[in-house]
There are 2 protein chains.
Amino acid sequence: MKTENSEPTSAPLNTNPFNGLIIREREPENLEFPFSALNSFQTPTEQFFVRSHFPVPAIDMKTWRLNIEGLVNEPMEIEYDELRMMPTRTVTMALECAGNSRIFLSPKVTGLQWELGAVGNAEWTGVPLSEILRRAGVKPGAMEAVLEGADSGEIKKEPVSPGKITYARSLTMEKAMSPEVILAYQMNGEDLTPAHGYPVRAIVPGHYGMASVKWLNRILVIDREFRGYFQTTDYTLWERNNGYPIQLLPIREIEVKAEIARPALYEAVPANSVYRMFGAAWTGESEIAKVEISVDGAKTWSPAQLLGDSVKYAWRLWEYHWSTPAKCGRYTVMARATDTRGRTQPMHRDNHRGNYVITHVQPIEVEVKKPRNAVETESYHI
Amino acid sequence: MKTENSEPTSAPLNTNPFNGLIIREREPENLEFPFSALNSFQTPTEQFFVRSHFPVPAIDMKTWRLNIEGLVNEPMEIEYDELRMMPTRTVTMALECAGNSRIFLSPKVTGLQWELGAVGNAEWTGVPLSEILRRAGVKPGAMEAVLEGADSGEIKKEPVSPGKITYARSLTMEKAMSPEVILAYQMNGEDLTPAHGYPVRAIVPGHYGMASVKWLNRILVIDREFRGYFQTTDYTLWERNNGYPIQLLPIREIEVKAEIARPALYEAVPANSVYRMFGAAWTGESEIAKVEISVDGAKTWSPAQLLGDSVKYAWRLWEYHWSTPAKCGRYTVMARATDTRGRTQPMHRDNHRGNYVITHVQPIEVEVKKPRNAVETESYHI
């Protein structure tokens with residue numbers, strides 16, 4: 001019989017002993033939360049995944065200003081202390097990288113090989129972007145707000161950048177003026193850490209993580225659709241519908257998704273027992289309506305129990321008590337979420353999504369085994 | 001002494017004996033005009049370069065209609081006979097592929113390796129697009145008109161397409177409503193050939209060839225900027241200016257450019273003689289103001305003589321009588337054009353243009369030789 005160590009793993013678990021995050025790339029820093037360790041609604045800052053496109057920029061707080069420019073009546077330079085004295089809003093949101101779960105794609109695609117943990121659910125505090133845009137006075141004809149970070153560099157992996165570029169993404173004016181979008185300077189009640197965007201970052205609830213620009217430097221209001229690197233060459237997907245010829249669109253809103261924290265992939269599960277499956281589910285401009293579990297290869301689905309209250313833009317924890325089979329062997333468990341707009345996770349991958357937005361139902365294979373001793377039994381019941 | 005045959009050539013001259021065009025690709029058909037054969041203002045149809053992305057589509061003229069859809073008061077289906085009875089306009093324009101001269105890029109880039117002849121200057125007759133849009137009645141909020149061809153397929157070379165797509169490009173409403181943009185059904189006074197877009201193609205003077213959609217099927221008026229494959233993934237360039245973070249924009253307007261037809265690359269030129277240099281120059285929404293020649297490696301420039309009258313959007317032929325040096329050896333000749341907006345061809349390649357818009361001054365190396373016999377002398381004096 002195989003030992004636990006000989007089980008296949010889907011990613012090299014290059015574990016950093018300091019904070020328990022999985023290192024996907026050292027420079028720039030890209031760190032993943034080991035999703036099977038999920039045990040709270042709010043993700044602690046030190047367990048929150050880190051996605052960086054360039055090294056953490058050196059920022060001199062003596063000269064730092066947030067610049068508001070473009071189609072505004074009154075261009076502004078806001079100092080950090082000034083920003084912190086403005087009206088605040090606190091939001092808890094599921095922040096998921098658009099490339100989360102990429103390792104499960106077959107055939108393998110390029111990009112960081114995230115497993116399940118390029119997602120977290122933190123509490124962010126800052127100034128509504130709408131408040132700042134109202135103070136600057138948006139001119140008629142404004143179509144988008146470009147958010148530009150202080151981070152920059154040259155991207156040498158495909159798709160390569162044309163020399164040195166900055167990180168920048170745009171929001172439609174409609175989203176930019178929505179009250180939930182904030183310029184955050186606190187995460188989980190403390191000042192932002194450098195890895196998470198100190199001094200100020202955007203927080204764009206309902207959108208994938210690439211919209212929540214870190215180390216925010218500049219807000220540029222423009223009269224057209226922005227076509228920066230990170231929304232034309234990268235972070236895009238194909239849309240083939242609504243009567244248009246096929247289009248390459250910037251990835252924006254989060255799609256509905258449930259992830260199983262436990263059992264983990266290839267975990268040993270006790271036979272003829274009750275195992276508490278546990279995980280989280282989230283969606284974009286909507287709320288989670290239900291999470292369903294299948295333990296028979298998608299033939300039948302049973303509702304999981306949603307835990308706590310629904311908080312718009314945050315994830316929802318769920319559990320399901322699985323009566324495990326008496327017969328030992330390989331079994332597959334699946335979870336799928338549906339949101340209040342009626343969107344349900346698809347069973348199959350849509351290749352128009354390229355390397356991103358990986359939300360099709362992910363089968364988790366487990367090994368149902370007879371418990372052999374007390375130590376193992378303990379580890380089964382989490 | 002080396003013979004003529006041992007001279008390096010810049011491209012395999014895989015000559016098709018039927019029409020003298022150079023075959024760059026057989027399927028789909030991509031054919032180049034041997035530019036050194038230039039000898040007329042108007043390019044004969046059989047010498048006009050062919051750029052196809054997909055095979056020539058099978059079109060049943062019994063059921064063929066041109067569809068006008070989207071943000072219009074009255075969606076229309078126009079029959080071929082009906083179109084031919086509408087008011088016409090004839091335009092002569094320089095139609096250049098945005099990838100023309102690609103073979104001169106170093107390091108080598110992907111894409112068809114056009115030399116100088118992915119350009120032609122034909123006379124086109126058809127119905128102004130503005131006339132058709134006025135009949136359909138463009139609704140307020142219209143931003144672009146998408147022109148879609150009947151040609152379709154899957155692009156398997158990089159950048160690959162997401163499955164089967166159609167050929168489509170958009171024009172801003174401003175350009176779509178400009179009187180020079182026509183839906184052409186005649187080329188050089190005869191019905192279009194299948195290779196050139198029969199029954200109807202767009203002709204977009206001032207824009208690179210990719211805008212002049214062949215086998216036109218549908219005009220879709222939309223309230224946003226179209227992001228089709230051929231203006232996001234292909235036919236784009238980087239723009240790094242005007243205070244925006246870098247953007248990937250669809251290639252549209254033609255940049256100013258002169259090409260030397262004679263001498264051809266590595267041509268033998270008689271020493272101590274007068275050689276008639278000859279070529280053409282063209283630009284986008286402007287006219288050619290001057291063409292200058294350098295025979296000393298860009299140290300000094302002398303004006304070429306512009307031939308004929310200036311016709312907006314057409315190319316301008318030019319000539320220059322070069323007093324060739326007495327000393328034999330390798331010499332470099334160059335031509336550069338300036339347009340009436342003051343734009344001049346750059347000396348160096350801007351890498352932001354990727355694989356397209358190759359307009360930096362191209363040195364043509366020639367071999368200045370003493371004539372050895374009458375046959376050779378004859379070939380020198382063209």
Side-chain angles (χ1 to χ4, degrees), chain A residues 67 69-71 75 143-144 146-152 154-155 158-170 172 213 217-240 242-250 350-355, chain B residues 67 69-71 75 143-144 146-152 154-155 158-170 172 213 217-240 242-250 350-355:
Chain A
N67 294 281
E69 302 173 4
L71 278 183
M143 185 176 275
E144 293 196 337
V146 179
L147 310 184
E148 188 176 25
D151 50 329
S152 66
E154 190 168 349
I155 295 181
E158 284 294 332
V160 298
S161 65
K164 190 177 167 185
I165 62 174
T166 55
Y167 189 82
R169 282 278 309 190
S170 73
T172 63
V213 177
N217 235 357
R218 182 160 78 124
I219 296 164
L220 178 69
V221 179
I222 61 175
D223 66 352
R224 63 199 64 194
E225 294 175 11
F226 178 57
R227 293 189 184 238
Y229 175 92
F230 295 97
Q231 57 200 64
T232 53
T233 296
D234 202 359
Y235 291 124
T236 56
L237 45 68
W238 293 100
E239 189 188 70
R240 191 190 286 276
N242 72 18
Y244 282 58
I246 194 166
Q247 291 195 87
L248 186 68
L249 300 181
D350 178 354
N351 285 329
H352 287 84
R353 293 180 175 183
N355 299 358
Chain B
N67 295 282
E69 301 174 3
L71 278 184
M143 185 176 273
E144 294 196 337
V146 179
L147 310 184
E148 189 176 23
D151 49 329
S152 66
E154 190 169 346
I155 295 182
E158 283 294 332
V160 298
S161 66
K164 190 178 166 185
I165 62 174
T166 55
Y167 189 81
R169 282 278 308 190
S170 73
T172 63
V213 177
N217 236 356
R218 181 160 79 124
I219 296 165
L220 177 69
V221 179
I222 61 174
D223 65 352
R224 63 199 65 195
E225 294 176 12
F226 178 57
R227 293 188 183 237
Y229 175 92
F230 295 98
Q231 57 199 64
T232 53
T233 296
D234 202 359
Y235 290 124
T236 56
L237 44 68
W238 292 101
E239 189 188 71
R240 190 191 286 277
N242 72 19
Y244 283 55
I246 195 166
Q247 291 194 88
L248 186 69
L249 300 181
D350 178 353
N351 284 328
H352 288 83
R353 294 179 174 184
N355 300 359

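Since this is a predicted model, take the numbers as computed values, not measurements. Only this structure's heavy atoms are used, side chains among them; waters, hydrogens and symmetry mates stay out. So you know, we letter chains A, B, ... as the sequences are listed, proteins then strands, and number each from 1.
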Set of side-chain contact (heavy atoms from CB on, under 4.5 Å) partners for A/Leu220, sequence neighbours left out: A/Glu69, A/Val146, A/Arg218, A/Ile222, B/Tyr244, B/Pro245
For chain A, which of B/Pro159, B/Gly243, B/Gly354 has the most heavy-atom pairs under 4.5 Å? B/Gly243
Atom group of A/Arg224 that falls short of 4.5 Å from chain B, counting heavy atoms: both
Working note: A/Ile165 + B/Trp238, criterion side-chain contact (heavy atoms from CB on, under 4.5 Å); need CA distance, chi angles, decisive distance, verdict. CA-CA 11 Å; A/Ile165 62 174; B/Trp238 292 101; over 6 Å; no
A/Tyr167 versus chain B, the contacting section by heavy-atom distance below 4.5 Å: neither
Could you have a look at A/Ile246, A/Asn351, A/Thr166, A/Thr233 and say which one has the most heavy-atom pairs with chain B under 4.5 angstrom? A/Ile246
Looking at chain A, which one of B/Glu225, B/Arg227, B/Gln247 has the largest number of heavy-atom pairs inside 4.5 Å, strictly under? B/Arg227
Check side-chain contact (heavy atoms from CB on, under 4.5 Å) between A/Thr236 and all other residues, then give those that pass, not counting sequence neighbours. A/Leu248
